[in-house]
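Everything numeric here is computed off the predicted structure, so don't read it as measured data. Sequence positions, counted from 1, serve as the residue numbers for this chain.
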Amino acid sequence: MASFDPISALAGGALVGLASAMLMMLIGRIAGISGILGGGLTLVPGDKLWRLAFVAGLVLAPTVSGLLGHPMPEPQMPDGYLMVIAAGLLVGFGARLGGGCTSGHGVCGIARFSARSIAATAIFMSTAVVVVAVMRHGFGG
């Protein structure tokens, strides 16, 4: 948290909102990465190009940012790869169970006043608070 920059956080949030709104307005799709990735694994013809472009943008944006003089911070994994893999699997399971991920429900669903998305986001956030509290004050010290 020592490197938190509210200006870049505000700019990032605005860009996420703009990208989500453009995806909805231009092709009528929800900008939820779990749905975009999951749909990209199906064999529906004509539905892969926009998904590929979206994922490519997610991957290329940090590279472009770095080239413009705004390098990304080095990732830190004090708990190791096993914990990261377990956490990733739990997030994936939760997204599947909840019918979407934090970006789909939290950004797009709440903006559409979806009761299901508001409930899902509340569950995601409260679970995150409990997990952080347990990891930092329970198991993680």
Side-chain angles (χ1 to χ4, degrees), residues 1-44 46-141:
M1 226 23 161
S3 63
F4 176 72
D5 177 9
I7 300 300
S8 66
L10 182 62
L15 288 173
V16 168
L18 179 64
S20 298
M22 287 178 59
L23 192 63
M24 174 63 78
M25 289 187 297
L26 295 177
I27 61 172
R29 300 294 183 159
I30 300 290
I33 190 63
S34 63
I36 291 171
L37 282 175
L41 299 176
T42 63
L43 299 176
V44 178
D47 195 42
K48 295 204 182 293
L49 184 60
W50 74 270
R51 295 175 190 274
L52 181 63
F54 192 90
V55 173
L58 290 176
V59 173
L60 291 176
T63 303
V64 171
S65 178
L67 293 174
L68 295 175
H70 304 286
M72 299 296 293
E74 289 292 323
Q76 298 177 3
M77 292 187 283
D79 295 320
Y81 287 103
L82 187 60
M83 182 66 83
V84 171
I85 290 170
L89 289 172
L90 286 172
V91 168
F93 177 74
R96 191 73 174 165
L97 184 66
C101 59
T102 52
S103 58
H105 283 301
V107 175
C108 299
I110 289 178
R112 296 171 43 229
F113 302 111
S114 164
R116 184 179 82 135
S117 291
I118 292 169
T121 304
I123 292 170
F124 293 156
M125 297 304 292
S126 60
T127 302
V129 167
V130 169
V131 169
V132 168
V134 168
M135 294 304 291
R136 290 203 175 169
H137 304 293
F139 298 119

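Put simply, CG on Leu15 and OG on Ser20 are 10.5 Å apart, with the number rounded to the nearest 0.5 Å. With rounding to the nearest 0.5 angstrom, the NE2 atom of His105 is 11.5 Å from the CD1 atom of Ile118. Rounded to the nearest 0.5 Å, atoms CD1 (Ile27) and CG (Leu23) are 4.5 Å apart. Annotation: the span from Ile110 atom CD1 to Thr102 atom OG1 amounts to 10.5 Å, rounded to 0.5 Å. Atom CZ of residue Phe54 and atom CD1 of residue Ile36 lie 4.0 Å apart, to the nearest 0.5 angstrom.
Not a single donor-acceptor pair under 3.5 Å links the side chain of Arg51 to the backbone N or O of Leu41. Checking side-chain atoms of Ser8 against main-chain N and O of Asp5 turns up a donor-acceptor pair under 3.5 Å. Side-chain atoms of Ser65 never come within 3.5 Å of backbone atoms of Ala61 as a donor-acceptor pair (strictly under, hydrogens ignored).
The local environment of CG in Leu82 is sparse, with at most 12 non-hydrogen atoms from other residues, nucleotides or ligands closer than 6.0 Å.
Sequence neighbours left out, the pairs with a member in residues 15-40 that pass salt bridge (Lys or Arg N to Asp or Glu O under 4.0 Å) are Arg29-Asp47.
For the pair Met24 and Ile30, the minimum side-chain heavy-atom distance is below 4.5 Å.
Legend: residues meeting side chain to side chain contact (heavy atoms under 4.5 Å, CB included) with Arg96, ordered by chain and number and at least two apart, are absent.
Considering every non-hydrogen atom in both Gly32 and Ser103, the closest pair reads CA-OG, 3.5 Å.
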